[in-house]
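Worksheet: one structure, shown below.
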Amino acid sequence: GILIDAALQITTSAVIHSLGASSDLALNGSITSPGGSVTLRANEDVSFTSSAVLSSGGGRVRISADYDTSGLLSSGQIFMADGSNLDAGAGEIDMTAPGNITLGRVNTTSEGRLTTLLGEILDGGDSTFDLEGGSFALRAPGGIGSVNPLDTKISRFSYLNSTSGNVQIANVGGITVGSVDGLTSSFAINNTRISATSPITFAANTTQATMTAQALESGTTNYDNITVQNGVILTATTGNIIFEAGDRIDVQQNAVVTATLGEIIFRSGFNDSDNDGSMQLAGTLSSLAAGQRITLDLNSEQGATQTGTGALLATRLRLLSNSSTPAYFNLITSLLNDVDTIAATTSGYVYYRDLDDLSISSIAGSSGIAAMAGIDTTRLVTEGAAVQIISTGSLTADQPIRTTPTAAAGSQTVGTVDLQSLASVISITDNADIFADGAVSMTAAGGIQTAGEVTTSNDNVTYNSAVTLTGSVAIDTS
């Protein structure tokens, strides 16, 4: 084997190869190049002690373990102790091993390519960033930061994890999941978890069992955002997709976010400190497995809006906001939404349109979110907000609709309720009483069947279609 135990100054470029069968190459000192390439090869392991430094001054760095494949891909690893430093400046970095790659500090402002044929890419410690600089392609069938997330300060990465383990990245600064070194899409066999202290952007397709993305709140407005770019497909095959953005969530036109068997949970204004947060949904959210849900949670900030290209596709839709100022849902522009059941607890108005049959009903609790029933727009506000629900098919309400605060009616009577079935019937059960801080209107092409009571705060109740009373009905307009 070879042990470099002092300072080695390279004048141009160098290849250092530990040639013996099953021989190692260990760096305990430093290797410095003024800009030439540096190549380290071992027929077994390559290791860096905690004091080891390799600086190429912008030259390309290549590190290979089991270079002669004498281990038949069963051995050979790259190990960097915590505190070790590999700095290529603007030069590219290639690290290849059949076994694990354990990281100290690896830095390039250009592109890094880390490939283990059978093992994992591991966090070597917390004294430095594991990866720092520009773009990285990470290939590891056994996991990438599977137990301890990789601590990174990079701008872009792609990942391929095909056999076991997880992909976990904790980034300082904004990060993009995009195409790097021919990895035009990313894949993880199990769970992917990405956190960043500023924006997260999905610029290439990604597939994994579950996905959690957190753009942590920094206090700068319209900054801590999660964006799925135009045309990008993000898929969770067996579990949930969770977005938690300190500011905004933006799913752009032609983007598709799909939880094949799980839920989609979006939280904007998450842990908010700058009074900024919203959702712009121009793409498709799909959670179509039986009993699954899409949850849109605005927390305490602004609103969620759709364009005509947006689509919410699920068996259940939950809308949440929690603020002393209105946080609203304007989901009425698109003609593509198709959910079976809707429930909402909000501080702002709820406008929603569905292309098929729709029920205003109850949704059981899941994923730490409490059970919900009906639509209530009075959460933490003194003025109720409006409700407008339009269904192309039948519209059934078997849980209450409330726009009147329980403490007292508001002074502005803006909590109107407008229910429409464009091609079928409206059915109101005796559990679906309406308490409106404004006028109530119902219109249905196939008529209205109601056993629900209606109470307004000194405003009108209008049935614009034929009405069949299916129970004892009281109407109180104060």
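Predicted model only: the values in this text are computed from it and were never measured. We number each residue from 1, following the sequence as shown.
- Glu301 meets the salt bridge (charged side-chain N to carboxylate O under 4.0 Å, His left out) test with no other residue; sequence neighbours excluded.
- Using modelled atom types and a 3.5 Å distance limit, the side chains of Gln229 and Gln252 yield no donor-acceptor pair.
- Ion pairing between a basic and an acidic side chain is recognised when a charged N comes within 4.0 Å of a carboxylate O; Arg139 and Asp181 show such pairing.
- A donor-acceptor pair shorter than 3.5 Å can be found between the side chains of Asp354 and Tyr352.
- Counting only N and O atoms by type, the side chains of Asn100 and Thr102 include no donor and acceptor under 3.5 Å apart.
- Not a single salt bridge (charged side-chain N to carboxylate O under 4.0 Å, His left out) links Arg379 to another residue, sequence neighbours left out.
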Could you pull out all donor-acceptor pairs under 3.5 Å where a side-chain atom in residues 441-455 meets a protein atom, sequence neighbours excluded?
{"unit_1": "Ser441", "atom_1": "OG", "unit_2": "Asn464", "atom_2": "ND2", "d": "2.9"}
{"unit_1": "Thr443", "atom_1": "OG1", "unit_2": "Asn464", "atom_2": "ND2", "d": "3.0"}
{"unit_1": "Thr450", "atom_1": "OG1", "unit_2": "Gly452", "atom_2": "N", "d": "3.1"}

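- Side-chain atoms of Asn337 and Gln306 form a donor-acceptor pair, as typed in the model, at a separation below 3.5 Å.
- For the residue pair Asn166 and Asn191, a side-chain donor N or O sits within less than 3.5 Å of a side-chain acceptor on the partner.
- Using a 4.0 Å cut-off between a side-chain N of Lys or Arg and a carboxylate O of Asp or Glu, Arg105 and Asp130 do not qualify as a salt bridge.
- Ile389 has its side chain out of reach of Gln420: every pair of non-hydrogen atoms, C-beta onward, lies at least 4.5 Å apart.
- Residues Asp297 and Ser321 bring no donor and acceptor atom of their side chains to less than 3.5 Å of each other.
- Judged by distance alone, the side chains of Ser394 and Asp357 do bring a donor and an acceptor atom under 3.5 Å apart.
- In this structure, Tyr328 has its ring center closer than 6.0 angstrom to the ring center of Tyr349.
- Put simply, the side chain of Thr307 does not reach to within 4.5 Å of the side chain of Gln253, judged on heavy atoms.
- When only modelled atom types and interatomic distance are considered, Thr152 and Asn171 share a side-chain donor-acceptor pair under 3.5 Å.
- A donor atom on one side chain and an acceptor atom on the other are not found under 3.5 Å apart for Asn107 and Glu132.
- In this structure, a donor-acceptor pair under 3.5 Å is present between the side chains of Ser278 and Gln280.
- Side-chain N/O atoms of Asp250 and Thr227 include no donor and acceptor closer than 3.5 Å.
- Looking at heavy atoms from C-beta onward, Arg318 lies in side-chain contact with Glu263 at the 4.5 angstrom threshold.
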